[in-house]
Amino acid sequence: MTEFWLISAPGEKTCQQTWDKMMAATTRANNLSTNHKFNIPDLKVGTLDVLVGLSDELAKLDSFVESVVKKVAQYMADVLEDSRDKVQENLLANGVDLVTYITRFQWDMAKYPIKQSLKNISEIISKQVTQIDNDLKTRASAYNNLKGNLQNLERKNAGSLLTRSLADIVKKEDFVLDSEYLITLLAVVPKTAYTDWQKTYETLAEMVVPRSSNLLFEDNDSGLFSVTLFRKAIDDFKHKARENKFTVRDFQYNEEEMKADKEEMTRLSTDKKKQFVCSIVFKLFVLTPTLDRVSEGPLVRWLKVNFSEAFIAWIHIKALRVFVESVLRYGLPVNFQAMLLQPSKKTMKKLREVLNDLYKHLDSSAAAIIDSAMDIPGLNLSQQEYYPYVYYKIDCNLLDFKV
């Protein structure tokens, strides 16, 4: 399970007692979850009005930062393409996997100084993640343009014989070149019509060179045939070919143009791999045969660094929300224990019941809502989850596919 429940409960005589009581109820007797203390430093409380306003602002900021975290993660998966199984190992926070980071969470004093007000800290995070979001849009646009151009060229080089590039198919010796009178045309013939072509091509127009047709290439559906004739018969030949369902390609052999097409394909492919993905095989055997060490591309590096930054910011937002909500619910002086619970799918329902029994005295109205909801079929409170204790969900499964 990659889902965590971040909760808080007011301190009993000490916060340690709150922790011990929760542990006894959820692990020692029934092993419902794996639990960790979630360390939140002594933040500046501010006024009640500020806390109430900040509660709403943090909820919106939480959703925004989560969306950016998911976008960066999903884009990492898109860029890595054939290496999607490697995506999860690249989704790290502060150099460790996400579960380790969350379960060992320590407030980053350098990035988010606790001497600042809660509002200032939230604004620092908002600006930081907004910048990541804007940068991602710019980089994604550049990469998608490159990828699109490359895909267009790949389609041009791998599509139907009616439309695909012929640069890698035909050779100079397939053509009559530099002749004042003769020209070689290329016709696409369905495989089912090969016999008809051989019987009729010499008679489709006057002045077709006998026995001049050769099969140069074929795909699953068609074959590419050459045929040589006098230039003055071109139009007549094309017209009669159409009537017989043979397609004459509009193609002239030009070595410089074909070379330019190949070079453009190679350039785009190189740019995509060298500048963004840097496939190991490509780096070793194509770009730099003598390279000893393979480095990742700048886009992948950027995604890794900024995923880490965005994820760290997201967990700090969760910490802020727990702090603000706990002060609003449990009052001053600040006295609560934040706890991170990792349930299994089989134990989630039972764990929720145990927590409700443990903390229902904190808010009888919340307990009543929960009890009544359990008795009303079809009622879904998942959009507005509210419990007697402070609760926020953290789901580390950030991708649309399973890796």
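Residue indices begin at 1 and follow the sequence shown. Given the structure is predicted, the values throughout are model-derived calculations rather than measurements.
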message: Can you tell me if Asp42 has over 12 outside heavy atoms packed within less than 6.0 Å of its CG?
response: no

- prompt: In terms of heavy-atom contacts, does CG of Asn145 have more than 12 from other residues, nucleotides or ligands at under 6.0 Å?
  reply: yes

- prompt: Has Lys259 got more than 12 heavy atoms of other residues, nucleotides or ligands less than 6.0 Å from its NZ?
  reply: no

task: Could you tell me whether Lys191 atom NZ has more than 12 heavy atoms of other residues or ligands within 6.0 Å of it?
output: yes

message: Under 6.0 Å from the ring centre and within 45 degrees of the ring axis: does the NZ or CZ of Arg352 meet both conditions for the six-membered ring of Tyr391?
response: yes

query: Does atom CD of Glu256 have more than 12 heavy-atom neighbours from other groups under 6.0 Å away?
result: no

query: Does Lys37 reach the main-chain N or O of Gln16 with its side chain, forming a donor-acceptor pair under 3.5 Å?
result: no

- prompt: Has Arg231 got more than 12 heavy atoms of other residues, nucleotides or ligands less than 6.0 Å from its CZ?
  reply: yes

message: Check Lys137 with Asp133, please: is the shortest side-chain N to carboxylate O separation under 4.0 Å?
response: yes

Step-by-step side-chain hydrogen bond (donor to acceptor under 3.5 Å, both in side chains) determination, Thr27 to Asn35: CA-CA 8 Å; Thr27 63; Asn35 305 326; 4.6 Å; no

field: Glu173 atom CD, over 12 foreign heavy atoms within 6.0 Å
entry: yes

query: Would Lys127 and Glu123 pass as an ion pair if we require N to O under 4.0 Å?
result: no

